[in-house]
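Worksheet: one structure, shown below.
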Amino acid sequence: MSVFALVDANNFYASCEKLFDPKLAGVPVVVLSNNDGCVVARSAESKALGVKMGVPWFKIKMEAERAGIVALSSNYALYADISDRITEVLRGFSPDVEVYSIDESFLDVTGFRHLGLEAYGQAIRGRVAEWVGMAVCVGFGPSKTLAKLANHCAKKGLAGRDGVCDLTALEGPAMDALLGGIPVGEVWGVGRRISAGLEAIGINNVLDLRDADAETIRSRYSVVLERTVRELRGVSCLALEELAADKRQIMVSRSFGRKVQDLAALADAVATHATRAAEKLRGQGSIAGAVVVEIRTSPFSEREPQYQRSINVPLPEASADTRTLVRWAIRGLKSIYRPGYAYAKAGVMLSELRPRTAAQGDLFSAGGSFRSEALMATMDAVNSRWGRGSLRTAAVRSDHLEWEMARGSLSPGYTTDWEGLPVVLAR
DNA sequence: CTATAACTCTCAA
DNA sequence: CTAACGTTGAGAGTTATAG
């Protein structure tokens, strides 16, 4: 039997912020989504005050600030850096690590059972705390789904001790009692929609789901949920995926800091997003066969006239050249743009991705791709050295004043920007 | 009618 | 004073379309 561990950082974004700012110790902190829109992370103190996940900040701002809550704009450069440090520590505990998200990793720890999983989990916690300064919880299980559930139990203190829970050590009535007390919606893969449906047919908790008829689940829902049922029974159906596969689509979209009316500003945003998407594309060595452009008004501004449209622009020849992708994206934008709307968001998606080596040249324009690749490599090198946007196409303006997102309370780049460093040294 | 493409829905962090 | 609500990606299932 395999054993998986799921290591998950506690209140990740909020903890990252606290890591470098001693003044935040003991202070209720929330981290806001892009544009300072919604609460996406809460420190323990904020949770205790009843701040809900995902609430629009403006709705609770007054009350929250009165309660002493400090809100910070999300600082992804910082979080990514801390995440990498944690991953490095975890690699010392297993050669087989799947980085599942910015704050969660699965480990295959089958070969370390003889050390005692409970102790192993504590060792992981201890070393991450000591070397990175972050608190994590560790869950063990015979399947990824059960490892995730174990982690949930560790976090909530439902089972296990001190942030570690080993579900491989639990069976029979004790296991049933534990699973019977956990709402079915806590299971990995069971979201809002499905849990509502399950509850309607009397499947309320994890035990109910585990013991449900797999065939019925498959026909009523999907093979995905059937797999979940089997995983809950301890049958591992989902393998550890150590190396991340190349993306099949690449998306860059942003809500604007304020509403935008005119085509010029939208074109600037679309060009900026297409540029960033092209960088990601080259980063994984792919080329794109099509560009999708989308613009939309805000569905929350109910009184305003609504407009949402996207267009798929197939490229005559697959490309990773920023100039080409920007040009087609702008062309798509022009065809879907309608004046008179208060646009709130624009996005660019690259699709039909394939490896650069699988490029299929145009019969009548052969030979141009070497110069393109050399130029793009130079652009990427310059921008890597001097910062994103240092070298750009003329379609991207030097500032994005008309639409740039709000980040009112951004913490310094403590670990990613020299400007952020002295703040730390001064203490 | 079948195979594929295109689109929709759901979930996750 | 008012208005102000994230992003990115995967995969399954369904519907439309082409041949």
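Order of the sequence lines fixes the chain letters, A, B, ..., with proteins taken first and strands second; residue numbering starts at 1 for each chain.
Taking atom CD1 on A:Ile250 and atom C1' on C:dA10, their separation rounds to 14 Å, with Å as the unit. For the pair A:Lys345 NZ and C:dG6 C1', the computed distance is 7 Å after rounding to whole Å. Between A:Leu225 atom CG and C:dG13 atom C1' the separation is 14 Å, expressed in whole Å.
Judged by closest nucleotide on DNA chain C, A:Ser33 is the one of A:Ser33 and A:Arg218 placed further toward the 5' end. Place A:Gln249 and A:Asn34 on DNA chain C by their nearest nucleotides, and A:Asn34 ends up nearer the 5' end.
Applying the 6.0 Å contact sphere to CZ of A:Arg161 captures no more than 12 heavy atoms from other residues, nucleotides or ligands.
Residue A:Ser301 places no side-chain N or O under 4.0 Å from the OP1 or OP2 atom of C:dA3. Here A:Lys148 reaches the OP1 or OP2 of B:dA13: one of its side-chain N or O atoms lies under 4.0 Å away. A sub-4.0 Å separation between OP1 or OP2 of C:dA3 and a side-chain N or O of A:Arg258 is absent. A close approach under 4.0 Å does occur between a side-chain nitrogen or oxygen of A:Ser255 and OP1 or OP2 of C:dT7.
Taking only side-chain atoms of A:Lys259, from C-beta outward, the nucleotide of C:dA4, C:dA12, C:dT8 with the closest atom is C:dA4. Of the candidate nucleotides B:dC11, C:dG9, C:dC5, C:dG9 has the atom lying nearest to any side-chain atom of A:Lys280. The listed nucleotides are C:dC5, C:dT8, B:dA13; the one nearest the side chain of A:Tyr100 is B:dA13. Out of C:dT8, B:dA12, C:dA12, the shortest distance to the side chain of A:Val223 is found at C:dA12.
Across all strands shown, B:dT8 is found opposite C:dA12 as a Watson-Crick or G-U wobble partner, with both distances under 3.5 Å. Taking a pair to require two hydrogen-bonding distances under 3.5 Å in either a Watson-Crick or a G-U wobble arrangement, B:dT2 pairs with C:dA18.
Taking atom C1' on both B:dC11 and C:dG6, the two are 16 Å apart, rounded to the nearest angstrom.
For A:Trp131 and A:Phe93, the distance between ring centers is not under 6.0 angstrom. Aromatic ring centres of A:Phe112 and A:Tyr120: separated by under 6.0 Å.
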Enumerate, atom names and distances included, each donor-acceptor pair closer than 3.5 Å involving a side-chain atom of residues 58-70 of chain A, sequence neighbours excluded.
none

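As judged by a 4.0 angstrom heavy-atom cut-off over every strand, A:Val40 is placed among residues making no nucleic acid contact.
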